Amino acid sequence: MRDQITRRTALKLMGAVAGSVVLGGLTTLSGCKPNSLQDVSTNNTPNEENKSDDASAGQNKVKRLVFYFTGTGNCLYIAKQLSDHTISIPQAMKKGEFVYEAEEIGIVYPIYGHMPPNMVRAFLQKAQLKCNYLFAILTYGNRKCSAAEICDQIGKDSGRPFDYIATLLMVDNWLPNFDMNEQMQIDKKIPENLARIQADLNVQKKAIEPVTEEERQQHAEFLSRASAIFTAEGIHAKAENWFTVTDKCITCGICVKVCPKANYSMDVERAVPKGECELCFACVHNCPHKAIILTNGEKNPNARYRNPNVKISDIQKANNQKG
Ligand SMILES: Cc1cc2nc3c(=O)[nH]c(=O)nc-3n(C[C@H](O)[C@H](O)[C@H](O)COP(=O)(O)O)c2cc1C
Ligand code: SF4
Ligand code: SF4
């Protein structure tokens, strides 16, 4: 027993170190630098994450403000490639700040069953996004179906239609069907596709990515097959049903900080998931000890993913609801 406690304490210390490991800085693609600052000022500059060119809050003019939601860093990475002014949607929701103004406003989110995460949908319904140009970039890993059209409809229903919507293929972090080690080997042409999107945005191109009738049908079939989890209104999942925390847990608390729904608490022995879940998989992928597994099975429980340009601390900063 004493040995076990000693080992647990040692592992805890290792976990603390692992949690603070810097895996590499965010890089900016050449040709993809954000536009220079000009135009309308934001109402919510204190909420912004990147202050490099935002020294006197409230006075500066923001050209492009980009909101994002992320579980494993793809959308965070893309948001930061598009602008120096980014805001995490979980943090905006936590603060209850919904009025923003800039020349251009963008949203970057991962598609879940071809739809936005519940929190993104709620944000779009509540937010007043005052801008001359509103765009959305939807990241996905395998099959986008009618994702652009669904996003377009949500924009119209919220009273501020999008001017531009594009999808962007990246690593698929959906663990039930995909082995992350295999996913990371696939060249998804991200720099090329991102450069194309950036060029469109730089001329404020007005274009909603087209959806075929076949893709519409595929989405309808998907909804009829997966209706226990995915409905047209959003995702229905409970963290306690989806995730099992194994005895690999060293109670480091990282899952608590990366969850945008504050679904984790700490027991003496291990972390405990409970609550309405976004299914973002931030907890599973970011656990440094792979101690969280999918209760109903997954392709490879030993393979986990975080965008290589994103640090675990960035995900914590984006999603943490506690403290
Ligand atoms: C719950 C869930 C559902 C997903 N549904 C789809 C999907 O329908 N089609 C698809 O191509 N990718 C799907 N994905 C993959 C993600 O959209 C993709 O990996 C995204 O880039 C992750 O972004 P993030 O790293 O910012 O969290 C899904 C992922 C999750 C967790
Ligand atoms: S389950 Fe949570 S507390 Fe336990 S090791 Fe993983 S991240 Fe840390
Ligand atoms: S419990 Fe996990 S999957 Fe669910 S919202 Fe929290 S981090 Fe995301």
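One-based numbering, in listed order, for ligands and for the atoms of each. Keep in mind that what you see is a predicted model, and the values were worked out from it rather than measured.
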Give me the nearest non-hydrogen protein atom to [atom] as residue plus atom name, then the distance to 0.1 Å.
atom: atom 26 (O) of ligand 1; answer: T70 OG1, 2.6 Å
atom: atom 1 (S) of ligand 2; answer: I292 CG1, 3.6 Å
atom: atom 25 (O) of ligand 1; answer: T72 OG1, 2.5 Å
atom: atom 5 (N) of ligand 1; answer: G113 N, 3.0 Å
atom: atom 6 (Fe) of ligand 2; answer: C287 SG, 2.3 Å
atom: atom 4 (Fe) of ligand 2; answer: C249 SG, 2.4 Å
atom: atom 5 (S) of ligand 3; answer: E278 N, 3.4 Å
atom: atom 31 (C) of ligand 1; answer: L279 O, 3.2 Å
atom: atom 9 (N) of ligand 1; answer: R143 O, 2.8 Å
atom: atom 2 (Fe) of ligand 2; answer: C255 SG, 2.4 Å
atom: atom 3 (C) of ligand 1; answer: Y112 CA, 3.4 Å
atom: atom 3 (S) of ligand 3; answer: F281 N, 3.2 Å
atom: atom 22 (C) of ligand 1; answer: N173 ND2, 3.4 Å
atom: atom 20 (C) of ligand 1; answer: T139 OG1, 3.2 Å

Heavy-atom contacts with [X] under 4.0 Å: which atoms of ligand 3 show up? List them by number with element.
X: C259; answer: 1 (S), 5 (S), 6 (Fe), 7 (S)
X: Y264; answer: 1 (S)
X: C277; answer: 1 (S), 3 (S), 4 (Fe), 5 (S)

Between ligand 3 and F243, can you find any atom pair, the residue atom being a heavy atom, that is separated by under 4.0 Å? yes
If you measure from each non-hydrogen atom of N286 to ligand 2, which part falls under 4.0 Å: side chain, backbone, both or neither? neither
Any donor-acceptor pair under 3.5 Å linking the side chain of [X] with the backbone of [Y]?
X: N74; Y: V171; answer: yes
X: Y133; Y: K205; answer: yes
X: E240; Y: G275; answer: yes
X: Q91; Y: A318; answer: yes
X: N320; Y: Q316; answer: no
X: N173; Y: A282; answer: no
X: Q321; Y: N319; answer: yes
X: R143; Y: E215; answer: no
X: K317; Y: S88; answer: no

Indicate yes or no: does E103 engage R64 in a salt bridge with an N to O separation below 4.0 Å.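 Here E103 does not pair with R64 in a salt bridge, since their nearest N and O are not under 4.0 Å apart.
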Below 4.0 angstrom, N of the basic side chain to O of the carboxylate: do E182 and K299 qualify?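 Between K299 and E182 there is no salt bridge, as every charged N stays at least 4.0 Å from the carboxylate O atoms.
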Distance filter under 4.0 Å to [X] heavy atoms, resulting ligand 1 atoms:
X: G141; value: 10 (C), 11 (O), 12 (N)
X: V171; value: 18 (C), 19 (O), 21 (O)
X: N142; value: 10 (C), 11 (O)

Looking at ligand 1, does D172 have a heavy atom less than 4.0 Å from it?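 Within the 4.0 Å threshold, so yes.
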Purely on distance, is any nitrogen or oxygen of [X] under 3.5 Å from one on ligand 1?
X: F281; value: no
X: C280; value: no
X: P110; value: no
X: G71; value: yes
X: G73; value: yes

Could you check whether any heavy atom of M266 sits closer than 4.0 Å to an atom of ligand 2, since that is the contact criterion I want to use? yes
For side chain to side chain donor-acceptor pair (under 3.5 Å), just list the numbers for N202 and Q198, CA-CA rounded to whole Å, side-chain angles, deciding distance to a tenth of an Å, and then say yes or no. CA-CA 6 Å; N202 285 345; Q198 179 72 40; 2.9 Å; yes
For F222 and F230, take the angle between the two ring planes, folded into 0 to 90°, and tell me which bin it lands in: parallel under 30, tilted 30 to 60, perpendicular over 60. tilted
Could you label the plane-to-plane angle of the Y112 and F69 rings as parallel, tilted or perpendicular, counting under 30° as parallel and over 60° as perpendicular? perpendicular
Heavy-atom distance to atom 8 (Fe) of ligand 3: which of C280, A239, C283 wins? C280
Given I111, I315, N177, which has its nearest heavy atom closest to atom 14 (N) of ligand 1? I111
Heavy-atom distances under 4.0 Å are what count here, so tell me which part of L279 touches ligand 3: side chain, backbone, both or neither.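 Backbone only; the side chain of L279 stays clear of ligand 3.
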Does the ring centre of F67 sit less than 6.0 Å away from the ring centre of Y100? yes
Does the separation of the ring centres of W174 and F281 fall below 6.0 angstrom?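 Between F281 and W174, which both carry aromatic rings, the centre distance is below 6.0 Å.
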Partner of I165 by side-chain contact (heavy atoms from CB on, under 4.5 Å), out of I150, L138, I107: L138
Give, for atom CD of Q81 and atom CG of L76, the distance between the pair rounded to the nearest 0.5 Å.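 So the gap between those two atoms works out to 10.5 Å.
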Would a 4.5 Å heavy-atom cut-off, applied to side chains only, mark F135 and L82 as touching?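 In contact.
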When you look for heavy atoms under 4.0 Å from ligand 1, do you find them on the side chain of N307, its backbone, both, or neither?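 No part of N307 comes within reach of ligand 1.
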Suppose I only count heavy atoms of T251 and a 4.0 Å limit; which atoms of ligand 2 are within that range? 3 (S), 4 (Fe)
